[in-house]
Amino acid sequence: MKKTYYLFNPGRLSRRDNTLKFTPVDESGQELMPKYIPVESVSDLFIFGSLDANSSLYNFLGKQQINVHFFDYYEHYTGSFYAKEYLLAGKLQVSQTQHYLSHKKRLAIAKSFVKGGAANMLRNLKYYQTRGKELTACIDTMDLWCESIDSANAIDELMGIEGNIRQCYYVGFDEILKELKMEGRSKQPPKNEVNSLISFGNMLCYTICLDQIYHTQLNPTISFLHEPGARRFSLALDQSREIIPRIYGWSQKV
């Protein structure tokens, strides 16, 4: 089964027959013991350190349909190398565009994203409530906002409802975490450890969603909840709104 590999160390990536050879380097530039990764086991690569590679390697990765995602020194997503698009479908892209242009169809799809995200947020809070956390007020308020999703008549109104649901969700974090206070959502830059962890998780989730969209015939730039814009894959933002709350349940297994 193929899986994702995360490379945090700087180093050199090269091809050795049908194996990927990663040679990490230390702070002084000295090479460390290389690691070998069978190419058949790789679905994609996440690169967080400085990577030395040549065009021959990227040609090989492209033929193997392996995507590479890059992050800067501060672990912000900067871009991706994608293999040649092999699932392009003009008919589906036309249909996707028509659904975006139809207010009724777009609103229905956008509501499904918001409902999915809200359901996952409520599931997390209810999990901790059964383990002694006082989250009744947060859950009741979120339930009230969830009831208003179906009555929303515009995307802006729907995003406002989604924002209020998410704020209620964040209020519950301080009750759940106790020792590590979230103290409200903050970003660019995050003000504390919890916000830093959430920002990092959001970034990974966005990249994973984008990678999965690539394996479909959908166009990642045509979205429904978020407005399509220049130089961003807004459909991945739509999809991540539903999936991100599942990531926030990480401590359920700790």
Side-chain angles (χ1 to χ4, degrees), residues 1-89 187-190 193 195-221 229-240 243-244 246-248 250 253:
M1 181 178 179
K2 292 189 175 183
K3 57 184 179 180
T4 298
Y5 285 83
Y6 299 84
L7 303 182
F8 288 93
N9 289 54
R12 181 180 301 106
L13 188 64
S14 58
R15 175 185 178 181
R16 177 69 62 87
D17 296 325
N18 281 330
T19 300
L20 295 178
K21 177 185 177 182
F22 178 65
T23 306
V25 297
D26 59 20
E27 295 180 354
S28 62
Q30 296 295 318
E31 293 187 353
L32 304 176
M33 183 175 294
K35 299 180 180 179
Y36 296 90
I37 309 171
V39 71
E40 293 85 358
S41 70
V42 182
S43 63
D44 45 25
L45 298 170
F46 283 62
I47 309 299
F48 291 89
S50 176
L51 183 70
D52 182 13
N54 57 31
S55 59
S56 177
L57 174 70
Y58 286 109
N59 285 330
F60 176 63
L61 294 175
K63 291 177 182 178
Q64 298 297 323
Q65 301 297 327
I66 296 174
N67 301 325
V68 186
H69 308 290
F70 297 95
F71 301 82
D72 64 15
Y73 177 81
Y74 299 100
E75 298 180 342
H76 296 143
Y77 172 72
T78 56
S80 299
F81 163 79
Y82 279 101
K84 183 179 180 181
E85 296 178 301
Y86 63 100
L87 291 175
L88 290 178
K187 49 189 175 181
Q188 299 181 350
E193 294 90 340
N195 276 286
S196 296
L197 182 59
I198 290 175
S199 293
F200 183 68
N202 288 355
M203 176 190 62
L204 287 181
C205 183
Y206 168 79
T207 311
I208 292 170
C209 288
L210 178 58
D211 187 74
Q212 292 304 305
I213 292 171
Y214 170 80
H215 289 92
T216 72
Q217 296 175 334
L218 295 170
N219 188 320
T221 65
R231 298 186 301 277
R232 73 170 186 173
F233 301 109
S234 48
L235 184 58
L237 293 175
D238 284 0
Q239 189 178 15
S240 64
I243 297 174
I244 283 173
R246 301 180 190 177
I247 297 176
Y248 295 164
W250 76 89
K253 298 181 180 180

Legend entry - Any Ile66 side-chain heavy atom under 4.5 Å of Phe60 side chain: no

Inset, instruction - Output yes when a side-chain donor or acceptor of Tyr77 lies under 3.5 Å from a complementary backbone atom of His69, and no otherwise. - result: no

Inset, instruction - Please tell me if the side chains of Tyr214 and Asp44 come closer than 4.5 Å, counting only heavy atoms from C-beta onward. - result: no

Legend entry - Backbone N/O of Pro38 and side chain of Asn18: donor-acceptor pair under 3.5 Å: no

Inset, instruction - Mind checking the NZ-CD spacing from Lys2 to Gln65? Nearest 0.5 Å is all I need. - result: 8.0 Å

Inset, instruction - Return yes if some donor-acceptor pair links the side-chain N/O of Asp211 with the main-chain N/O of Thr207 below 3.5 Å, else return no. - result: no

Legend entry - Test item: Ser240 side-chain N/O and Leu237 main-chain N/O as donor-acceptor pair under 3.5 Å: yes

Inset, instruction - Give a yes or no on whether Glu193 atom CD has more than 12 heavy-atom contacts from other residues, nucleotides or ligands under 6.0 Å away. - result: no

Inset, instruction - Locate the shortest heavy-atom distance separating Pro190 from Ser199; write the atom from each residue and the value. - result: CG-OG, 3.7 Å

Legend entry - Criterion side chain to side chain contact (heavy atoms under 4.5 Å, CB included) on Ile213 and Gln239, from CA distance to verdict: CA-CA 9 Å; Ile213 292 171; Gln239 189 178 15; 3.4 Å; yes

Inset, instruction - List the atom of Tyr206, the atom of Ala236, and the distance in Å for their closest heavy-atom pair. - result: CE1-CB, 3.6 Å

Inset, instruction - Please indicate whether Tyr36 has more than 12 foreign heavy atoms, meaning atoms of other residues, nucleotides or ligands, lying under 6.0 Å from its OH. - result: yes

Legend entry - Distance (rounded to the nearest 0.5 Å) between Ser50 OG and Arg12 CZ: 10.5 Å

Inset, instruction - Compute the ring centroids of His76 and Phe70, then answer whether they are less than 6.0 Å apart. - result: no

Legend entry - Nearest-0.5 Å distance, CD1 of residue Ile47 to OH of residue Tyr6: 11.5 Å

Inset, instruction - Give, for atom CZ of Arg15 and atom CG of Leu57, the distance between the pair rounded to the nearest 0.5 Å. - result: 9.0 Å

Legend entry - Spatial distance of atom CZ (Phe48) from atom CG (Leu204) [nearest 0.5 Å]: 5.0 Å

Legend entry - Heavy-atom closest contact (Tyr58 atom, Ala53 atom, distance): CE1-CB, 3.9 Å

Legend entry - Closest heavy-atom pair and its distance - Asn9, Pro24: CB-CB, 4.2 Å

Legend entry - Donor-acceptor pair between Thr221 and Asn219 side chains, under 3.5 angstrom: yes

Inset, instruction - Give the intermediate values and the outcome of side chain to side chain contact (heavy atoms under 4.5 Å, CB included) for residues Ser41 and Tyr5. - result: CA-CA 9 Å; Ser41 70; Tyr5 285 83; 3.2 Å; yes

Inset, instruction - For residues Pro34 and Thr23, report the shortest heavy-atom separation together with the two atoms involved. - result: CB-OG1, 3.7 Å

Inset, instruction - Look up atom CG in Leu7 and atom CG in Leu13, then write down how far apart they are to the nearest 0.5 Å. - result: 6.5 Å

Legend entry - Heavy-atom side-chain proximity of Leu61 to Leu20 below 4.5 angstrom: yes

